[in-house]
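Note sheet for the following structure.
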2 protein chains.
Amino acid sequence: MAIDHTSDRPVFAQIADALRQRIRSGAIAPGAKLPSESELVEEFGVTRTTARRGLAVLQQEGLTEARRGLGVFVRETAPVIAVRNNRFSRSARAAGKGALAAEAEALGLDWQSEEQGPVEIVDVPDEIAQAIGEPRAAVKRRRMWVGGVPTQLADSYIPASVDVEIGYSAGLTVPGGIYGLLEANGHRLDRFREELVARQASPEEAVALHLSNGAPVVSLVRHAIDEAGKVVEYFDSVAAADRHRYVYEFKATD
Amino acid sequence: MAIDHTSDRPVFAQIADALRQRIRSGAIAPGAKLPSESELVEEFGVTRTTARRGLAVLQQEGLTEARRGLGVFVRETAPVIAVRNNRFSRSARAAGKGALAAEAEALGLDWQSEEQGPVEIVDVPDEIAQAIGEPRAAVKRRRMWVGGVPTQLADSYIPASVDVEIGYSAGLTVPGGIYGLLEANGHRLDRFREELVARQASPEEAVALHLSNGAPVVSLVRHAIDEAGKVVEYFDSVAAADRHRYVYEFKATD
DNA sequence: AAGTGGTCTAGACCACTGT
DNA sequence: CAGTGGTCTAGACCACTTC
């Protein structure tokens, strides 16, 4: 696995290729340590700077993780939470468990919702105002943890006119969560609309979710719509991509 | 916007912060050129290496794009194709247009499917074999282009037993595409299951989709299931994340 | 030819981890 | 303390783009 100096491919890329191949083949297993920088310097006959650039490529690809004072290690694959489109059924609500909680428990992991302060009534951005048809909403911001790791940021907006009816910001709760509370107050849910976009984490999101800069996240926006056609909840989550998969089942239609 | 050398924050990160702020505020608009490396050297009082590292951060975040001999530019946001879960309705098929084609035309973009060779009958990986309940399948591999840009890789697997019935690998076609062909041969479709995972592009995918290394992609796996409960198509696509959004609408259920 | 970004070397100093 | 990764400087050579 020597460097081909006649090749057009940059040296650092060849080093990354060689190491990537060792990882993919299992020669360096998940959790195992890669050669140290000085070992790479010897092996490939380059300066430490160039060896580091090779390592940086793998880190950027999310394959490895550097630990100061210890070395560079192959990333362990994280447990992946399934998010399913049948998670909002009334029977699931009646069982009392949130969808995320149930999924986490099925994987043998503990679960936690960290509220980022009290429910506030705020002026919402245009995009949300358009969706809910009014300019103000009660918003609850949370950070979800599963297995001791932050997995997603979740903001829930309830239109102000609905909030006064159901007492959300006043702190009223029922076992079925926000959707239970809505249905208990005459807003029977008719349908949901979810829109998913994957993108790279902003620096702020990366910090909040303990991700490396530019790691992929999934942004999910949900509209919960009642039988009167009103959007009674606008839900916005940003989830670490490598900890979530999204499953949708739907019927063939005419 | 000078560098704070007393801060813990590395100099290159401070440079990235300053430039990111200019981009977010619109001071440097999409498509506009950032200061050249030598200008950054002057402005921030660092070496070119450090200035480059600052630029590298933004590039990794997907905010900018370097063009050799020209400069570094703020990325223009790409047109985003909506992928909808009602795209497989029979009425849409009757209209003769594929879902992607219709979406592209709505955006005023041209569309193209580039086949990566003939339909082949192959032994499939375990995961697919398990899904379709047999070890062999006819596979068609495509690369889709929209607006002159590759947008996704799409592999379609038809179980071998179904293939012989409907003549897929033999080249038979009907206006409604593969789903039309299936339904014309007694495999009336009952439901679909789609699973989405976002992750970073592999180097091979990055090349095929003209993405920078480690850019996010969305991997979508679809099972098309007929009324007998048989998976009659296993579809696997890898799409450039910044060119797609996925929209699912579904009813509240009991 | 001048200006741009891309790669690489050589060496310094620092911060963190484990012994 | 030795070994690890993290940051930064200084300067060289190269490839590409425009004039």
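The sequence lines fix the lettering, A, B, ..., with proteins before strands; numbering per chain opens at 1.
- Distance from the side chain of Thr49(A) is smallest for dG11(C) among the nucleotides dA10(D), dG5(D), dG11(C).
- At whole-Å resolution of the value, CD1 in Ile15(A) and P in dT7(C) are 13 Å apart.
- At whole-Å resolution of the value, CZ in Phe44(A) and P in dC8(C) are 13 Å apart.
- Among pairs with a residue in residues 196-220 of chain B, those fulfilling ring pair (Phe, Tyr, Trp, His ring centres under 6.0 Å) read Trp145(B)-His210(B), at least two apart in sequence or across chains.
- In this view, Asp110(B) satisfies the salt bridge (Lys or Arg N to Asp or Glu O under 4.0 Å) rule with no residue, not counting sequence neighbours.
- For the ring-ring contact (aromatic ring centres under 6.0 Å, His included) test, no residue two or more places apart in sequence or in another chain qualifies with Trp111(B).
- Partner of Asp17(A) under the side-chain hydrogen bond (donor to acceptor under 3.5 Å, both in side chains) criterion, chosen from Gln21(A), Arg20(A), Gln14(A): Arg20(A).
- Annotation: side-chain hydrogen bond (donor to acceptor under 3.5 Å, both in side chains) contacts involving residues 62-73 of chain A, sequence neighbours excluded, are absent.
- Taken residue by residue, residues 34-41 of chain B places no heavy atom nearer than 4.0 Å to DNA chain D.
- Protein atom CD of Glu65(A) is 15 Å distant from nucleotide atom C1' of dG6(D), rounded to whole Å.
- For Tyr157(B), the ring-ring contact (aromatic ring centres under 6.0 Å, His included) partners at least two apart in sequence or on another chain are Tyr234(B).
- At whole-Å resolution of the value, CZ in Arg52(B) and C1' in dT7(D) are 16 Å apart.
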key: Intermediate values then yes/no, side chain to side chain donor-acceptor pair (under 3.5 Å), Glu233(A) and Ser156(A)   = CA-CA 7 Å; Glu233(A) 185 208 36; Ser156(A) 188; 2.5 Å; yes
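- Residues forming a ring-ring contact (aromatic ring centres under 6.0 Å, His included) with Tyr248(B) (at least two apart in sequence, or on another chain): Tyr248(A).
- The side chain of Pro10(A) lies closest to dC8(C) when the candidates are dG5(C), dC8(C), dC8(D).
- Between the CZ atom of Phe73(B) and the P atom of dG3(C) there is a distance of 16 Å, given to the nearest Å.
- Residue Arg53(A) has its side chain nearest to dT7(C) when only dT9(C), dG5(C), dT7(C) are considered.
- If you measure from atom CZ of Arg9(A) to atom C1' of dG6(C), you get 14 Å, rounded to the nearest angstrom.
- Residues satisfying the salt bridge (Lys or Arg N to Asp or Glu O under 4.0 Å) test with Glu114(B), not counting sequence neighbours, are Arg143(B).
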key: Under 4.0 Å protein heavy-atom contact, by nucleotide of nucleotides 13-19 of chain C - B base, S sugar-phosphate only   = --SBSS-
